[in-house]
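In what follows, a single structure is set out as structure tokens and then discussed.
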Amino acid sequence: MAAQQFKNPVVNWIDRRLPIFTMMHHEYNEYMMPRNANYWWSFGALAMVVLITMIVTGIFLAMNYTAHTSMAFESVERIMRDVNYGWLLRYIHMNGASMFFIVVYIHMFRGLYYGSYKTPRELLWMIGVVILLLMMATAFMGYVLPWGQMSFWGATVITNLFSAFPFVGDPIVTWLWGGFSVDNPTLNRFFALHFVLPFVILGVVILHVAALHVTGSNNPLGIEPKGPQDTVPFNPYLTVKDGFALGIFLIFFAAFVFFNPNYLGHPDNYIPANPLVTPAHIVPEWYFLPFYAILRAVPDKLGGVLLMFGAIAVLFVLPWLDTSKVRSTKFRPLYKPFYYILMADCVVLGYIGSQPPEGIYVLIGQLATAYYFLHFLVLTPLIGKIERPRPLPASISESVLKGGGRFPAGATAKPMEKA
Amino acid sequence: MRAMRTAFIAAGLALGLTGVLGVPGSARAAEAVHLPEVSFSHEGIFGTFDRGSAQRGFQVYKEVCAACHSMRLVSYRNLAELGFNEDEVKAIAAQYEVTAGPNDQGEMFQRPAVAADRFKSPFPNDQAARASNNGALPPDLSLMAKARVGGEKYIYGLLTGYEEAPAEVTVPDGQYYNKYFPGHLLGMPPILQPDGVTYADGTPATVEQMAHDVATFLTWAAEPNLEARKQMGIKVILFLLVFTGMMYAVKRKVWADVH
């Protein structure tokens, strides 16, 4: 990247010695986005905003939180009652976790639809799956911190999963707990990890963005940009577009925070943890429900645990499971219905995860779990082989402008002149 | 993609609407019996606490519930938010003796409570509470309005929901049948009786009235910042609407030469 000239002499002075401004200019000003990227592409930026929000609110919450079994619950209530705007910090943080998963799940389904995981973006996708895993670990440990009934029993159920592994299982669980039950050492280490993991996530997100800026963004057509006529510079085009998307998203976010902050939570977590009283139904947060359903799909504990981890593992190898030559589902008539069926399947799994494991729910859960793996392990490779994709357009600009754009096809989209 | 977009927007709107309006989600509805249709002034995005009702609710708590139930997270000073003035708060606090200390001689001693003290608990510890209540532990009420499915409606329902047990249910000694309690058998007797308290403002103390007042009071206790939260929320949403509208206009302008 060529060194940039900046108007501000101080910026110039720094930049010649440490080209961070050139780097930012390169990555966020001139970065070329396919001009046809739709609003589904805004969810990456939204996820970044939520991550920063979570880190900032989290740091201030940590300043007022006490990680001890006898004080954690009350320290959270002190934040809610006596810390200035503590209720706001906590409600943003608590709902922010849900918002993060909403945004990231949409981001992932966008990647699935448009084949964003396919070559040359395999590593980009895999880094994204790592972020998802880290998010799940962080969210789980964060939910334990208020030390309510669901915190305690959720922690007990989830950590106990590791005991399913033969021979090493029980020692692993003891090691995770720092003792022989979920207790103060567990809470302390969860707090330490919950504090540090978001910064790990931030680091991996930077890798995610770095990898993205090597391959460039995918787009709804799934064909590579052929020249400047197919792209627009990130700034101002995508900054304003993502800014608009952010506004819509923040309205959605604020509606929860200010008008129904406990809707996505569970009332039992306002009861202090009690190791002697088990709640009637132990349910994880909504964003874990599909995985919880997969966990309970088989009567065997080890099998359930392996299936649950397998549900994420298939995402890792998805770039090699998909045999289609074409990225975008737009041009894949045979695959398209199966994409929507998978989406519905995930919703069904989420619903099953929220229900007690009895009667018809067990059978539906098993079928939905089977279908989830069937989709990735059988349908995805098979359809790619037998499908005849629709013809791809020659270029992005041709496809975009054929509806009667202002430019003749092939003309250069000149970036707006910005002072 | 259109179908996907429509599905997402529909799902998002549904989630957002139910979130804002507080329609119970399906995950929750499963375990709840139908709670009574009762409305509160603090509901809705413009809702505020009915101060008169909350004060009466405090009176019911003080004279009835507090015999068994603690409210450890609430301080006497918080009552100022319900419209009690400083002297009234001090006078309320001074009715209670709390243990303080140790003093210079190393002795614990009794002193009248001050506004900064937490509500005095009826029992020194959970064991004492169980010993006095047939082994049942009366739960702390500070967060009750957030710790039960249905919130204040559940509280109202529980307090008004005592009835004769159906013939097939045998009610053990020391337990009572309540149609809203999960499992229906609870150790708390139907403690609210008509005119069990005498309201200073002359409101007739029916069971329904007292239950409604207590539910209002407990909602305030569980969520004292509810009014500040909703009022800020309206400003935030208004700001965001303007911000989003402007971003949309800017976006249209910037993209005008590309489309």
Side-chain angles (χ1 to χ4, degrees), chain A residues 35 38-40 74 77 80-81 87-88 91 102 106 109 113 148 220 232 236-237 240-241 243-244 246-248 250-252 254-264 266-272 280-281 283 286 289 329-330 339-340 343 347 351 354-356 400 405-407 413-414 416, chain B residues 1 3-5 7-8 11-12 15-22 25-28 30-31 44-45 72-75 78 139-140 142-144 146-151 182 222-225 228-230 232-234 236-237 240-241 243-248 250-251 253-259:
Chain A
R35 61 192 291 163
N38 54 32
Y39 277 104
W40 298 117
E74 290 217 10
E77 276 307 313
M80 293 297 289
R81 288 157 193 271
W87 58 268
L88 180 61
Y91 278 154
I102 290 175
I106 293 176
F109 271 106
Y113 187 87
V232 289
Y237 293 95
V240 292
K241 193 172 178 178
F244 172 59
L246 179 65
I248 301 278
L250 287 181
I251 291 171
F252 178 74
F256 279 96
V257 169
F258 292 105
F259 300 121
N260 214 337
N262 293 306
Y263 179 72
L264 297 167
H266 198 288
D268 277 32
N269 228 26
Y270 281 109
I271 303 170
H281 301 292
V283 224
W286 70 267
L289 289 175
T329 304
K330 226 179 170 138
Y339 170 85
Y340 289 112
M343 200 182 249
V347 173
Y351 175 73
S354 73
Q355 298 302 316
V400 171
R406 268 200 232 160
F407 297 134
K414 56 175 188 305
M416 263 182 67
Chain B
M1 210 52 208
M4 177 178 169
R5 184 182 312 155
F8 258 125
L15 189 64
L17 273 181
T18 52
V20 171
L21 301 178
S26 58
R28 250 140 280 192
E31 53 197 273
I45 62 171
R72 281 191 287 265
L73 298 174
V74 184
S75 302
N78 297 132
D140 186 89
S142 316
L143 283 166
M144 193 49 74
K146 290 202 286 191
R148 294 292 183 276
V149 177
E223 189 76 4
N225 291 303
R229 167 161 64 75
K230 290 183 174 177
M232 185 190 285
I234 289 161
V236 168
I237 299 269
L240 285 172
L241 285 172
F243 169 81
T244 309
M246 281 165 62
M247 285 312 287
Y248 184 65
V250 174
K251 192 258 164 192
K253 182 138 171 50
V254 167
W255 282 77
D257 63 350
V258 181
H259 283 307

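Proteins get letters first, then strands, A, B, ... in listed order; numbering begins at 1 in each.
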Checklist outcome for this item: So, the part of A/Leu250 with a heavy atom under 4.5 Å from chain B: the answer is both
Checklist outcome for this item: Rounded to the nearest 0.5 Å, the CG atom of A/Leu246 sits from the OG1 atom of B/Thr244 at a distance of 8.0 Å
Item to check | Side-chain touch A/Asn260/A/Tyr91, heavy atoms, less than 4.5 angstrom | outcome: no
Item to check | Proximal component of A/Val347, with respect to chain B [non-hydrogen, under 4.5 Å] | outcome: neither
Item to check | Partner chain B: residue of A/Pro261, A/Gly148, A/Pro220, A/Ala254 with the largest heavy-atom pair count (under 4.5 Å) | outcome: A/Pro261
Checklist outcome for this item: dist A/Tyr113:OH -> A/Tyr340:OH (nearest 0.5 Å) comes out at 4.0 Å
Next on the checklist: A side-chain contact here means heavy atoms from C-beta on lying under 4.5 Å apart; do A/Ser354 and A/Tyr351 qualify?
Outcome noted: yes
Checklist outcome for this item: Looking only at B/Arg72, B/Met246, B/Glu223, the option with the highest number of non-hydrogen pairs under 4.5 Å against chain A is B/Glu223
Item to check | Among the listed options B/Val250, B/Ile234, B/Leu73, B/Asn78, the residue most often paired with chain A at heavy-atom distances under 4.5 Å | outcome: B/Leu73
Checklist entry - Given side chains that start at C-beta, do those of A/Tyr39 and A/Phe244 come closer than 4.5 Å, heavy atoms only? => result yes
Checklist entry - Would you say the ring centroid of A/Phe256 lies under 6.0 angstrom from that of A/Phe252? => result yes
Checklist entry - So which of A/Lys241, A/Glu74, A/Arg81, A/Met80 has the largest heavy-atom pair count under 4.5 angstrom toward chain B? => result A/Arg81
Checklist entry - Side chain, backbone, both or neither: which part of B/Tyr248 has a non-hydrogen atom closer than 4.5 Å to chain A? => result both
